[in-house]
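Inspection log for the structure reproduced underneath, given as structure tokens.
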Amino acid sequence: MDRYALVIGGERIATSRFADVANPSTGAIVGRMPLATPADLDRAVQAAAAAFETWRLVPDAERAEACRRIAATIEAHAEELARLLTEEQGKPLNGLGSRFEIGGALAWTRHTADIELPVEVLQDGEAGRVELHRKPIGVTGSITPWNWPVMIACWHIIPAVRTGNTVVIKPSPMTPLSTIRLVELINEVLPAGVVNVVTGENEIGALMSSHPGIAKVSFTGSTPTGRKIMASAAATLKRLTLELGGNDAGIVLPDASPAEIAEGLFWSAFINNGQTCAALKRLYVHDSIYDAVCDELAAYARKVVVGDGFAEDSVLGPVQNRMQFDIVSAYVDEARAKGARILTGGEPAGGQGYFYPVTLVADVDHGCRLVDNEQFGPALPIIRYHDVAEAVRKANDNAAGLGGSVWGRDLEQARRVASQLECGSVWINKHGAIQPNAPFGGVKQSGIGVEFGAEGLKEFTTIQTVFC
Ligand code: NAD
């Protein structure tokens with residue numbers, strides 16, 4: 001069994017303790033995660049701080065070129081990374097699975113390499129010249145979740161190093177191996193210490209968010225953990241980008257065509273088995289087409305193959321871990337007990353692995369956890385509404401505000417409804433379609449700050465205003 005190592009200061013550092021990482025499809029152990037100690041974290045922060053002294057001075061064009069070389073290395077190892085990802089995360093190699101995720105990591109890396117943040121001249125006249133410069137912050141900490149581990153690692157690492165920062169990344173203990181391998185590859189390109197990885201249980205993340213040597217934390221994960229990080233970052237006034245949980249609503253207007261939107265709706269909700277921050281998690285459908293939308297969705301769902309990630313025909317895999325599997329099961333059971341109608345799925349498959357079938361739940365409303373909370377799994381509640389104002393009110397009746405969508409033929413009307421949704425991104429006739437040039441982030445309790453594009457890059461800089 002492969003024993004992985006930390007990567008600190010460009011070297012593989014062995015630990016004395018390990019934890020097994022299992023394939024969620026089979027339970028088979030796929031590798032051993034090193035358990036970093038607090039002293040290992042200190043060494044990683046020191047290595048990153050030492051590297052910062054030179055990396056911050058490297059000309060911008062060279063840092064851009066280094067990011068392009070990282071992309072080339074990822075591309076050369078794409079299949080290896082995809083297979084490792086399927087082993088530990090469970091998602092299929094095909095469809096919107098591991099190969100797709102590595103493709104996304106590449107696209108974001110390449111795009112971010114090419115973004116410039118030039119000096120802005122705010123004033124240039126007799127009263128003097130005023131310039132706005134952007135400077136790196138220092139050592140950044142990256143804490144990532146288990147749903148899209150490689151792509152999210154790139155969302156944190158690449159903008160950080162592009163702007164002259166250095167990084168200590170701590171992946172989720174559920175999916176650490178692909179991040180370790182990614183950091184090994186990045187270390188073939190970048191100077192020692194610019195990107196370091198420490199792995200371990202949640203405590204290492206907690207230590208990072210209070211560590212005096214870390215100047216900024218990029219965190220992607222759940223809202224409760226985001227709150228803890230914000231609290232423990234306060235003592236050292238760290239900069240924070242928090243990409244947290246969502247409970248995205250989609251509203252299907254009365255003029256939508258059920259047959260035309262069914263496939264889009266399905267993948268909006270079930271991409272990565274629903275384990276996606278900006279997946280569609282609550283669907284509001286007008287009474288006049290409610291039954292037709294339910295029928296079209298159920299017909300599509302019955303054709304979807306759920307299975308081991310390495311099986312050629314699987315388009316969805318297992319739920320990634322026991323905890324999430326239990327949450328999804330409990331939420332569906334509660335909805336059923338309250339009178340909801342299960343259109344497809346609803347019972348765990350049984351046998352090996354955390355397989356939970358694609359589950360559509362009709363005749364359900366607010367007041368049960370499947371609607372009120374983030375289910376983060378393959379179960380979609382479909383809520384009937386009678387007038388659009390009611391749907392908008394219910395869509396906004398949630399503490400989360402990550403994404404939202406409106407589905408209908410009259411695009412002007414759809415845009416008007418979309419503008420009323422309280423969320424950081426809103427889509428018309430699609431959902432969750434993020435891209436590297438468009439800022440992405442949550443409002444309300446879905447986060448603070450944005451990622452992607454120039455706006456995202458700026459979050460890895462501090463402003464220095466120069467008066468001359
Ligand atoms: P999680 O919050 O349980 O864990 C995320 C990371 O935080 C892991 O690396 C974990 O080890 C670490 N962690 C746990 N406790 C910590 C603490 N006290 N201090 C510091 N770090 C700690 O989240 P998860 O279950 O891995 O991921 C699922 C959640 O992530 C969902 O809520 C999902 O919506 C959210 N998510 C959001 C986005 C986004 O962009 N908004 C993207 C992906 C996932």
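We count ligands from 1, going down the list as the structure has it; atoms in each ligand are counted the same way.
- The contact shell of ligand 1, taken as protein residues with any non-hydrogen atom closer than 4.0 angstrom, comprises I143, T144, P145, W146, N147, I152, K170, P171, S172, P173, N202, G205, A206, F219, T220, G221, S222, T225, K228, I229, E243, L244, G245, G246, C277, E374, F376, L402, F440.
- By the 4.0 Å N-to-carboxylate-O rule, K444 lies close enough to E422 to be salt-bridged with it.
- With salt bridges taken as basic N to acidic carboxylate O contacts below 4.0 Å, one links R181 and E184.
- Look at E116 and R134 and you find no salt bridge, because none of the NZ, NE, NH1 or NH2 atoms lies under 4.0 Å from a carboxylate O.
- Looking at D397 and K394, no side-chain N of the basic residue comes within less than 4.0 Å of a carboxylate O on the acidic one, giving no salt bridge.
- Of the candidates T236, I229, L240, I229 is the only one forming a side chain to side chain contact (heavy atoms under 4.5 Å, CB included) with S209.
- Salt bridge status for D2 with R32: absent, with no side-chain N to carboxylate O gap under 4.0 Å.
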